[in-house]
Protein chains: 2
Amino acid sequence: MHSFETTIGRLRSEGFKLTPQRLSVIRYLIGNKTHPTAAVIYGDLKKKYPSLSFSTVYNTLNMLEKISEVQSLHLFDDFLNYDPDISSHYHFVCRSCDSIIDIFPREGENVSLPEGDISGNRIESAQVVFKGMCKSCL
Amino acid sequence: MHSFETTIGRLRSEGFKLTPQRLSVIRYLIGNKTHPTAAVIYGDLKKKYPSLSFSTVYNTLNMLEKISEVQSLHLFDDFLNYDPDISSHYHFVCRSCDSIIDIFPREGENVSLPEGDISGNRIESAQVVFKGMCKSCL
DNA sequence: ACGGTATCGAGAATTATTATTGACTTGATA
DNA sequence: TATCAAGTCAATAATAATTCTCGATACCGT
Ligand SMILES: [Mn+2]
Ligand SMILES: [Mn+2]
Ligand SMILES: [Zn+2]
Ligand SMILES: [Zn+2]
């Protein structure tokens, strides 16, 4: 996500109301380096905002995804993970402990993807998911 | 998938019975260059095998995935696509027509991924999904 | 204050996939 | 042939993440 100010500015200009519920979800996500599920977000925020509902969490996440402030990740079978980090990076998923690790490819790490077209199809985004055993599980 | 003979040989050696229902699913998938869903497989086979049930399609797909004869792909929100092509390749998904296009990286197409370890995590497989507009939709 | 609109939360609905169940098939054995 | 055990079938129920519905409420400009 962008900064708090930028994000709420974008929502305002798109015509969304900045309700306390939405702001709580946004504050939860800003600077969050994990990849929480809707259930985790709901569970954590419910403590502080007991009247928050699941629908509102989903609605807010879908709204944020629509304006590309978060990205949903299909890493597991039964649920989505949400990534507030919209910088270009990839993911590693451990098949033993299910942890999700951000991969920021550096020079020499040999992650390179085409941009523009491939076989005549126009690429707009690319997702890379590595699976294996994470450092701690090894 | 491997050849018909190799595949049924593997199933036999793993202790699975080669029932007509399973064989019909296997024959459907061998050489299939699309990425059918369980529902599509069921719908197509139902015409020829009216007593086939959905459970059997799912059970057979899960069995084939367990022995790595097919690969399930989480490309859309609500269902899985199954890929009988187990050679190393990637996918392009068109956001306009939802078609799934195989990407076999060639020399000079600049798709290269690390093997072995990345940041101390052991890579066992990698999935790449490009999204954008396909050639025909452009 | 008033009227129109957006959003809320609660709970129902949706739906792809998985689990359960009881009948049936198969093959080995006596 | 009779019996038995294991595997598999199809029908159906269950599961669970996400979305939808709806009446109530908050907000906004006038
Ligand atoms: Mn991430
Ligand atoms: Mn493919
Ligand atoms: Zn791990
Ligand atoms: Zn297309």
Side-chain angles (χ1 to χ4, degrees), chain A residues 8 10-29 35-67 70-83 98 100, chain B residues 8 10-29 35-67 70-83 98 100:
Chain A
I8 63 175
R10 293 197 59 203
L11 285 170
R12 230 193 292 269
S13 73
E14 297 270 347
F16 294 111
K17 302 275 170 78
L18 296 169
T19 66
Q21 293 88 344
R22 286 176 182 169
L23 288 170
S24 78
V25 173
I26 291 166
R27 268 193 289 267
Y28 182 92
L29 292 173
H35 303 82
T37 62
V40 165
I41 297 169
Y42 173 73
D44 285 352
L45 290 177
K46 189 79 175 171
K47 302 166 189 164
K48 225 179 170 182
Y49 307 89
S51 82
L52 183 71
S53 86
F54 238 124
S55 315
T56 301
V57 173
Y58 275 109
N59 286 339
T60 306
L61 287 170
N62 288 338
M63 167 197 314
L64 291 172
E65 185 172 24
K66 204 163 289 171
I67 64 171
V70 301
Q71 183 189 5
S72 66
L73 304 173
H74 273 87
L75 302 177
F76 298 98
D77 280 349
D78 299 339
F79 50 84
L80 296 174
N81 293 86
Y82 288 88
D83 195 342
D98 286 350
I100 302 168
Chain B
I8 64 175
R10 294 197 59 203
L11 285 170
R12 231 193 291 266
S13 73
E14 297 270 347
F16 294 111
K17 300 275 170 77
L18 297 169
T19 66
Q21 292 88 343
R22 285 177 182 167
L23 288 171
S24 78
V25 173
I26 291 166
R27 268 193 287 267
Y28 182 91
L29 292 172
H35 304 82
T37 63
V40 165
I41 297 169
Y42 172 74
D44 284 352
L45 290 178
K46 190 77 175 171
K47 302 167 190 164
K48 225 180 171 181
Y49 307 89
S51 81
L52 183 72
S53 87
F54 238 122
S55 315
T56 300
V57 174
Y58 274 111
N59 288 339
T60 306
L61 288 170
N62 288 338
M63 165 197 316
L64 291 172
E65 185 171 25
K66 204 163 288 172
I67 63 171
V70 301
Q71 182 188 8
S72 68
L73 304 172
H74 273 86
L75 302 176
F76 298 98
D77 280 348
D78 299 339
F79 50 84
L80 296 174
N81 294 86
Y82 288 89
D83 194 343
D98 286 349
I100 301 167

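Reminder, nothing fancy here: chain letters follow the sequence lines and each chain counts from 1.
Using cut-offs of 30° and 60° for the angle between ring planes, the H74(B) and H74(A) rings count as tilted.
Close to dG9(C), at under 4.0 Å from its OP1 or OP2, lies no side-chain N or O of S55(A). One finds a side-chain N or O of Q21(B) lying less than 4.0 angstrom from the OP1 or OP2 phosphate oxygen of dA10(D). Residue Y58(A) has no polar side-chain atom (N or O) positioned under 4.0 Å from OP1 or OP2 of dT19(D). In terms of phosphate contacts, N59(A) brings no side-chain nitrogen or oxygen within less than 4.0 Å of OP1 or OP2 of dC8(C).
Note: CG (L23(A)) to P (dT7(C)) measures 12 Å, nearest angstrom. The nearest whole Å value for the distance from the NZ atom in K66(A) to the C1' atom in dT18(D) is 14 Å. What separates OH of Y82(B) from P of dA16(C) is a distance of 13 Å, to the nearest Å. Remark: P of dA6(C) and CE of M63(A) are 13 Å apart, rounded to the nearest angstrom. What separates NZ of K17(B) from C1' of dC24(C) is a distance of 13 Å, to the nearest Å. Taking atom OH of Y49(B) as the reference point, atom C1' of dA10(D) lies 17 Å away to the nearest angstrom. dA6(D) atom C1' lies 14 Å from atom CZ of F16(B), rounded to whole Å. Going from atom CG of N62(B) over to atom P of dT17(C) covers 9 Å, rounded to whole Å.
Among the nucleotides dT18(D), dA17(D), dT7(C), the one closest to any side-chain atom of A38(A) is dT18(D). For F79(A), taking side-chain heavy atoms from C-beta onward, the closest of the listed nucleotides dT19(D), dA17(D), dT17(C) is dA17(D). Distance from the side chain of T56(A) is smallest for dC8(C) among the nucleotides dA10(C), dA6(C), dC8(C).
Counting only N and O atoms by type, the side chains of Q21(B) and T56(B) include no donor and acceptor under 3.5 Å apart.
Backbone-only engagement by T19(A) is indicated by non-hydrogen atom pairs under 4.0 Å involving sugar-phosphate atoms exclusively. Among the atoms of the strands shown, none is found under 4.0 Å from any heavy atom of F54(A).
The environment of NZ in K66(B) is sparse: at most 12 heavy-atom neighbours from other residues, nucleotides or ligands sit within 6.0 Å.
In this structure, OG in S24(B) is found 10.0 Å from CD1 in I41(B), a value given to the nearest 0.5 Å.
Checking side-chain atoms of E65(B) against main-chain N and O of S72(B) turns up a donor-acceptor pair under 3.5 Å.
Nearer to the 5' terminus of DNA chain D, by closest-nucleotide assignment, is the contact made by S51(B) (compared with the other of S51(B) and P20(A)). Closest-nucleotide positions on DNA chain D for L52(B) and D77(B) were compared, and the one nearer the 5' end corresponds to L52(B). Closest-nucleotide positions on DNA chain C for S53(A) and N81(B) were compared, and the one nearer the 5' end corresponds to S53(A).
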